[in-house]
Colleague: 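Could you have a look at this structure, given as structure tokens, before my questions?
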Amino acid sequence: MKIPLLDLKAQLDTIRDEIKTAVDDVLESTRYIMGPKVTELEEKVADYCGANFAVGVSSGTDALLISLMALDVKPGDLILTTPYSFFATAGVVSRLNAVPVFVDIDPDTYNIDPEKLRKWFQENPDKTGKVKAIIPVHLYGQCADMDPILELADQYGTPVVEDAAQAIGSRYPSKDGVKLAGSMGTMGCFSFFPSKNLGGIGDGGMVTTNDGQVAEKLIKLRNHGSHPKYYHAMIGGNFRLDPIQAAVLLVKLKHLDTWHAGRQKNAEFYDEHFTVATLKKPVIAYRRDYHIYNQYILSVPEKRDELRKHLVANDVGHEVYYPVPFHLQECFRYLGYKKGDFPNSEYAAEHIIALPIYPELTDEMKKYVVEKIEEFYV
Ligand SMILES: *Cc1c(COP(=O)(O)O)cnc(C)c1O
């Protein structure tokens with residue numbers, strides 16, 4: 001058996017005709033920039049995420065970048081975030097010449113640890129005035145613990161930008177009721193990279209917000225800061241979402257809840273079938289159906305890299321998201337961190353492995369994945 005980490009063909013097989021029609025409609029419309037498909041997707045994603053507004057952008061990375069631009073992040077400003085995420089989370093901070101400040105993760109959820117965040121504020125009273133934003137990441141599809149993060153943000157007057165790139169539709173039981181990823185902070189950033197639960201046929205992204213003024217600013221910034229056309233009160237860029245992506249995403253959005261349920265079912269299967277006690281399964285922080293399982297992550301106590309060789313030899317797709325935490329990346333050496341600064345992130349980088357979790361997996365395939373991993377450890 002050969003099991004890829006992700007099989008987009010298996011998904012395409014179920015919706016090929018719809019997708020082809022959607023693409024063809026955009027082609028024939030000759031409306032290739034912005035237009036009704038982008039507007040429709042924005043309305044539907046805002047609705048889906050429980051946010052008042054959504055602004056389509058060119059990628060998840062640009063969603064983060066434009067969010068920080070909307071907050072007028074300036075050189076030297078501090079942005080608090082996790083050291084353990086996809087590169088873009090911290091990369092956008094440095095691109096604006098602001099300074100990423102890392103706070104370690106919770107070892108169970110892999111999300112930023114609110115207690116450590118609180119400690120940072122307490123221990124750095126001279127710096128709190130320079131903090132321009134907090135970026136929690138809802139890693140792997142499970143929300144960060146937002147209530148205490150929002151409480152700190154409120155206390156220190158700091159906006160929160162949710163990196164919800166892996167978490168569209170993920171839910172959080174806040175003290176004010178159940179909330180959706182991207183609806184809790186000042187802005188929420190989404191990615192439609194093909195491997196996300198809602199993925200396009202190329203790059204795409206979205207920023208959600210409940211604040212009408214922020215939405216207006218984002219709309220200007222994504223089109224060179226222009227409003228009206230050719231009059232520029234601010235400097236933006238070309239961060240537009242392509243209508244061809246919007247048309248494809250509109251088709252896929254209709255299937256998203258079914259796909260989430262398929263991933264949750266697969267995760268449940270793995271949780272039940274992995275029996276080797278030392279394998280650490282994903283910790284469900286809230287409820288299984290609040291987690292959208294963009295990734296299913298195992299933490300293995302030892303020999304992770306030998307396990308990978310064993311899986312390669314047996315055609316089991318897998319990946320390490322992510323092998324190097326930000327504070328140990330070469331490009332961030334100038335920030336002055338060292339090994340040992342964020343032990344939970346370093347431990348995760350050395351011990352985790354992502355397994356196939358896409359909705360179209362069969363029971364046979366899942367069984368094979370479990371078997372190949374367990375036989376390595378017993
Ligand atoms: C995918 C991802 C991004 C970047 O999205 P792109 O669309 O690839 O630019 C940012 N943050 C996280 C956590 C991601 O997983």
Side-chain angles (χ1 to χ4, degrees), residues 5-6 8 41 45 49 54-69 79-96 100 102-103 105-106 109-112 133-144 146 149 160-170 181-182 184-185 187-208 222 237-242 244-246 248-249 252 263 282 291-297 319-326 329 331-332 345 348-349 352 354 357-358:
L5 179 62
L6 176 66
L8 290 174
L41 182 72
V45 168
C49 295
V55 179
V57 294
S58 30
S59 69
T61 303
D62 287 342
L64 289 162
L65 182 62
I66 201 175
S67 294
L68 297 185
M69 289 169 75
I79 309 289
L80 291 169
T81 192
T82 167
Y84 198 61
S85 176
F86 176 63
F87 180 74
T89 311
V92 296
V93 175
S94 292
R95 280 175 66 187
L96 295 172
F102 303 124
V103 172
I105 56 170
D106 176 291
T109 63
Y110 308 104
N111 285 322
I112 194 167
I134 304 169
I135 311 182
V137 180
H138 307 313
L139 202 67
Y140 307 137
Q142 181 161 252
C143 283
M146 290 299 286
I149 295 170
V160 171
V161 175
E162 292 171 67
D163 184 339
Q166 300 181 5
I168 189 166
S170 174
M184 295 175 272
M187 282 166 273
C189 299
F190 293 91
S191 164
F192 304 127
F193 186 82
S195 67
K196 311 292 171 159
N197 285 30
L198 180 64
I201 53 169
D203 280 307
M206 190 79 74
V207 184
T208 49
R222 83 163 153 198
N238 174 358
F239 298 119
R240 295 181 299 254
L241 176 66
D242 285 337
I244 205 155
Q245 299 304 335
V248 168
L249 292 163
K252 290 196 175 194
R263 286 170 180 267
H291 192 326
I292 63 149
Y293 291 98
N294 181 245
Q295 301 297 343
Y296 183 93
I297 299 295
E319 189 50 90
V320 172
Y321 302 118
Y322 299 90
V324 185
F326 295 153
Q329 291 286 358
C331 67
F332 289 135
S345 298
I352 68 96
I357 191 68
Y358 60 90

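Predicted, not measured: the structure shown is a model, and the values here were computed from it. Every number for a ligand or one of its atoms is a count from 1 in the order of the listing.
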Colleague: Tell me if the aromatic rings of Tyr140 and Tyr110 count as close, with their centers under 6.0 Å from one another.
Modeller: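 Yes, they do, as the ring centres are separated by less than 6.0 Å.
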Colleague: Any sub-3.5 Å donor-acceptor pair from Asp242's side-chain atoms to Gly202's backbone N or O?
Modeller: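 No; zero donor-acceptor contacts below 3.5 Å.
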Colleague: Which residues pass the side-chain contact (heavy atoms from CB on, under 4.5 Å) test with Ser67, not counting sequence neighbours?
Modeller: Val161, Met187, Cys189, Val207
Colleague: Checking ring-ring contact (aromatic ring centres under 6.0 Å, His included) against Phe326, which of Phe102, Tyr84, Phe86 comes through?
Modeller: Phe102
Colleague: Say whether Gln166 and His138, considering side chains only, have a donor N or O and an acceptor N or O under 3.5 Å apart.
Modeller: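 Per modelled atom types, Gln166 and His138 side chains form no pair under 3.5 Å.
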Colleague: Rounded to the nearest 0.5 Å, how far does OG1 of Thr109 lie from CG of Asp106?
Modeller: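 Nearest 0.5 Å value for the CG-OG1 distance: 4.0 Å.
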Colleague: For ligand 1, what N or O to protein N or O distances fall under 3.5 Å?
Modeller:
| unit_1 | atom_1 | unit_2 | atom_2 | d |
| --- | --- | --- | --- | --- |
| ligand 1 | 5 (O) | Ser191 | OG | 3.3 |
| ligand 1 | 7 (O) | Gly60 | N | 2.8 |
| ligand 1 | 7 (O) | Ser191 | OG | 2.6 |
| ligand 1 | 9 (O) | Gly60 | N | 3.4 |
| ligand 1 | 9 (O) | Thr61 | N | 2.8 |
| ligand 1 | 9 (O) | Thr61 | OG1 | 2.5 |
| ligand 1 | 11 (N) | Asp163 | OD1 | 3.3 |
| ligand 1 | 11 (N) | Asp163 | OD2 | 2.8 |
| ligand 1 | 15 (O) | Gln166 | NE2 | 2.8 |
| ligand 1 | 15 (O) | Lys196 | NZ | 2.5 |

